[in-house]
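These notes are about the structure you will find just below.
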Amino acid sequence: MSDVHEQLRDMARRFAESEVRPLAEELDRDERFPAELYTKMAELGLFGITLPPEHGGAGMDCHAYALVMEELSRAYASIADQCGLVELCATLLSQHGTDAQRAQWLPDILAARKRVAYCITEAGAGTDVSGITTTATRTADGWLLSGNKLWIQNAPNAEVGFVLARTDKAAGKRGMSIFVVDLASKGVSRGPKEHKMGQRASMIGALHFDAVQLPADALLGVEGRGFHAMMSVLDKGRVGIASLALGIAQAGLEACVEYVKTRQQFGQPLAEMQGVQWILADMVKDISAARLLIHDAARKLDNGEPATMACSMAKCFASDTAVAQSANAVQLFGGSGYIRGFEVERLYRDAKVTQIYEGTNQIQRSIIARELLR
């Protein structure tokens, strides 16, 4: 890593340890949205890490983004998840928005004054994005948006949504467009906050659009190219989720190393037992391999190389590692690991969704095979 990367990583780690970790248990228990943490993160420049400075970002690379996501997730994955969400939505605006759209939305988004929602998933269109039924129809003044979105992060409290909708029903993937929607608009309503197994301080819910009138300039990017624009940011998004999963696994490893040195069984510390040592060895080797895959994928993105396969491998391997090794962490803690209030119990719950969102790991394997056989 460069000196700048090391400085950024160390800054993110200090913030995570001093500000995030002390709140993690409370946030998980109460399912609270920690707006005060996001304000502090914005002040430190932890939102919009890869955006160019002229768009209000830090102007850094995807490697830097991966480092920040891992460090935040080591303290609590929900906080990293918010960082990743802002990065995705801000990237859409940076790459596909007009100067007027960027001026209208980016300052408040990057300063955590407005919360964003990335609105793709529907009841009949999760992994299969081509199945979306939300529509946007041209009117004399702009667009009329109707449809329903499900499992949307920040839906209960977001102010602005990036909504994928059909603008040409006959054109398949080439008939989808993105709209930047003020979620205070007439016709927008929200479902209740869902209660999740893990990452419980990261709110999700439904958004309903009942003939919502949008101005003409709500269209983001080129009409009919919304699917491709949304997919274009997912390579970086998968590096982010891979890094988030890595942070969960790393936190579990660190908790286990500390625990087995002090926990006594059969007259000796657990750390002196070969069976325990082998579990720790598997944890550290898989975590190290995941980190190398992530940094390789980030390097490819930063160098402008084809990176889709590398990003999918990193996301798939890192999230599988997070689930497997957080389970090992619970195992090493024994009965304590199954009790609320012990970090490893939360890590195990937080890990599972990393195999599901940003594209399920079954889809990642299909992408990897497709790229390999191309």
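Within a 6.0 Å sphere centred on CD of Q277, other residues, nucleotides and ligands contribute more than 12 heavy atoms. For NZ of K285, the number of neighbouring non-hydrogen atoms (other residues, nucleotides, ligands) closer than 6.0 Å is greater than 12. The 12-atom threshold is exceeded at CD of E194, counting heavy atoms of other residues, nucleotides or ligands nearer than 6.0 Å.
Contact annotation: the side chain of Q364 never approaches that of C311 to less than 4.5 Å [non-hydrogen atoms, C-beta and beyond]. In this structure the side chain of T50 never reaches within 4.5 angstrom of the side chain of M60, judged on heavy atoms. Here the side chains of L244 and Y357 are in contact, with some heavy-atom distance below 4.5 Å. Residues F47 and I109 are not in side-chain contact: their nearest non-hydrogen atoms beyond the backbone lie 4.5 Å or more apart. Between F162 and C119 there is no side-chain heavy-atom pair separated by less than 4.5 Å. Counting heavy atoms from C-beta outward, F209 and L207 have side chains that approach closer than 4.5 Å. The side-chain heavy atoms of R9 and E70, taken from C-beta on, include no pair separated by under 4.5 Å. Counting heavy atoms from C-beta outward, S232 and H96 have side chains that approach closer than 4.5 Å.
Between the side chains of D286 and T321, no donor-acceptor pair is found at a separation under 3.5 Å. No hydrogens or angles considered: nothing links the side chains of D141 and Q213 as a donor-acceptor pair under 3.5 Å. A side-chain N or O of Q355 and one of K352 form a donor-acceptor pair less than 3.5 Å apart. With 3.5 Å as the limit, one finds no donor-acceptor pair spanning the side chains of Q264 and Q268. With 3.5 Å as the limit, one finds a donor-acceptor pair spanning the side chains of H55 and S94.
In this structure, P156 and I152 approach most closely via the heavy-atom pair CD-O, 4.5 Å. I248 approaches L347 most closely through the heavy-atom pair CG2-O, 3.6 Å. Heavy-atom minimum distance, T135 versus A165: C-CB, 4.0 Å. Taking all atoms of both residues into account, the shortest heavy-atom contact from G59 to P53 is CA-CD, 3.8 Å. L44 and M11 make their closest contact through O-CE, 3.8 Å (heavy atoms, listed as atom of the first residue, atom of the second, distance). For the pair L164 and G226, the tightest heavy-atom approach, listed with the atom from each and the gap, is CD1-C, 3.6 Å.
Pairs passing the side-chain hydrogen bond (donor to acceptor under 3.5 Å, both in side chains) check and including a residue from residues 162-171, sequence neighbours excluded, read T167-S177.
Between R365 and D320, at least one side-chain nitrogen of the basic residue sits less than 4.0 Å from a carboxylate oxygen of the acidic one, meeting the salt-bridge criterion. One finds no salt bridge joining R346 and D28 here, because no Lys/Arg side-chain nitrogen approaches an Asp/Glu carboxylate oxygen to under 4.0 Å. Taking the charged nitrogens against the carboxylate oxygens, D302 and R299 have no contact shorter than 4.0 Å, which rules out a salt bridge. The pair R174-E223 does not meet the salt-bridge criterion, since no charged nitrogen lies less than 4.0 angstrom from a carboxylate oxygen. Residues E87 and K236 are paired through a salt bridge, judged by an N-O separation under 4.0 Å between the basic side chain and the carboxylate. Taking 4.0 Å as the cut-off between side-chain N and carboxylate O, E358 and R238 do not count as a salt-bridged pair.
Taking the six-membered ring where the residue is Trp, the centroids of Y338 and Y348 are separated by 6.0 Å or more.
At distances below 3.5 Å, at least one donor-acceptor pair connects side-chain atoms of N361 with backbone N or O atoms of C316. A distance-only check finds a donor-acceptor pair linking the side chain of S326 to the backbone of A322 [under 3.5 Å]. Y38 places no side-chain N or O within 3.5 Å of a backbone atom of C83 that could act as its donor or acceptor partner. Although no hydrogens or angles enter the test, the distance criterion places a donor-acceptor pair under 3.5 Å between the side chain of T354 and the main chain of A351. The backbone N or O of D350 sits nowhere less than 3.5 Å from a side-chain atom of K196 that would complete a donor-acceptor pair. Remark: side-chain polar atoms of Q101 are paired, donor with acceptor, to backbone N or O of T98 under 3.5 angstrom. Judged purely by atom type and a 3.5 angstrom limit, S146 uses its side chain to pair as donor or acceptor with the backbone of A211. Under a 3.5 Å cut-off, the side chain of D30 and the backbone N or O of R32 do not form any donor-acceptor pair. Within the 3.5 Å criterion, the main-chain N or O of A158 finds a donor-acceptor partner in the side chain of R190. S185 contributes no side-chain N or O that, together with a main-chain N or O of V181, makes up a donor-acceptor pair within less than 3.5 Å.
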**OP:** For side chain to side chain contact (heavy atoms under 4.5 Å, CB included), just list the numbers for L220 and F179, CA-CA rounded to whole Å, side-chain angles, deciding distance to a tenth of an Å, and then say yes or no.
**Re:** CA-CA 5 Å; L220 181 66; F179 295 88; over 6 Å; no
Original post:
Given the rule in the side chain to side chain contact (heavy atoms under 4.5 Å, CB included) test, do V116 and Y118 qualify, once you have shown the distances and angles that lead to the verdict?
Top reply: CA-CA 7 Å; V116 294; Y118 188 77; over 6 Å; no
Original post:
Step by step, would you call R340 with E345 a salt bridge (charged side-chain N to carboxylate O under 4.0 Å, His left out)?
Top reply: CA-CA 6 Å; R340 287 286 179 96; E345 182 271 341; 3.1 Å; yes
**OP:** Could you give me the CA-CA distance, side-chain angles and deciding distance for N328 and Q325, then say whether side-chain hydrogen bond (donor to acceptor under 3.5 Å, both in side chains) is met?
**Re:** CA-CA 5 Å; N328 272 336; Q325 302 311 338; 2.8 Å; yes
Original post:
Can you list the steps and then say if E122 with K149 is a salt bridge (charged side-chain N to carboxylate O under 4.0 Å, His left out)?
Top reply: CA-CA 5 Å; E122 300 180 7; K149 298 293 183 178; 2.9 Å; yes
**OP:** Step by step, work out the side chain to side chain contact (heavy atoms under 4.5 Å, CB included) result for I204 and L150.
**Re:** CA-CA 8 Å; I204 67 167; L150 188 67; over 6 Å; no
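Within the model, atoms CH2 of W143 and OG1 of T137 stand 8.5 Å from one another, a figure rounded to the nearest 0.5 Å. Between the CD1 atom in I279 and the CG atom in L253 there is a gap of 12.0 Å [rounded to 0.5 Å].
Hydrophobic clustering (ILVMFWY, side-chain heavy atoms < 4.5 Å, transitive): L183 and V160 are in distinct clusters. Follow the hydrophobic side-chain contacts under 4.5 Å out from L37 and you reach Y76 in the same cluster. Placement of V86 and M69 within a single hydrophobic cluster is found when ILVMFWY residues are connected by side-chain heavy-atom separations under 4.5 Å, directly or transitively. Side-chain heavy atoms closer than 4.5 Å link hydrophobic residues (I, L, V, M, F, W, Y) into clusters, and following such links, possibly through other members, connects L46 to L85. No continuous path of ILVMFWY side-chain contacts below 4.5 Å connects L67 to L301, so the two sit in separate hydrophobic clusters.
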For residues 15-25, which side-chain N or O atoms pair as donor and acceptor with protein atoms under 3.5 Å away, sequence neighbours left out?
| from | atom 1 | to | atom 2 | distance (Å) |
| --- | --- | --- | --- | --- |
| E17 | OE1 | R21 | NE | 3.1 |
| E17 | OE2 | R21 | NE | 3.2 |
| E17 | OE2 | R21 | NH2 | 3.3 |
| S18 | OG | R14 | O | 2.8 |
| E19 | OE1 | K40 | NZ | 2.9 |
| R21 | NH1 | E343 | OE2 | 2.7 |
| R21 | NH2 | R74 | O | 2.9 |

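The aromatic rings of Y259 and F333 sit parallel, their planes meeting at an angle under 30°, below the 60° perpendicular limit.
The residue from Q82, Q153, E159 that alone fulfils the side chain to side chain donor-acceptor pair (under 3.5 Å) condition with R115 is E159.
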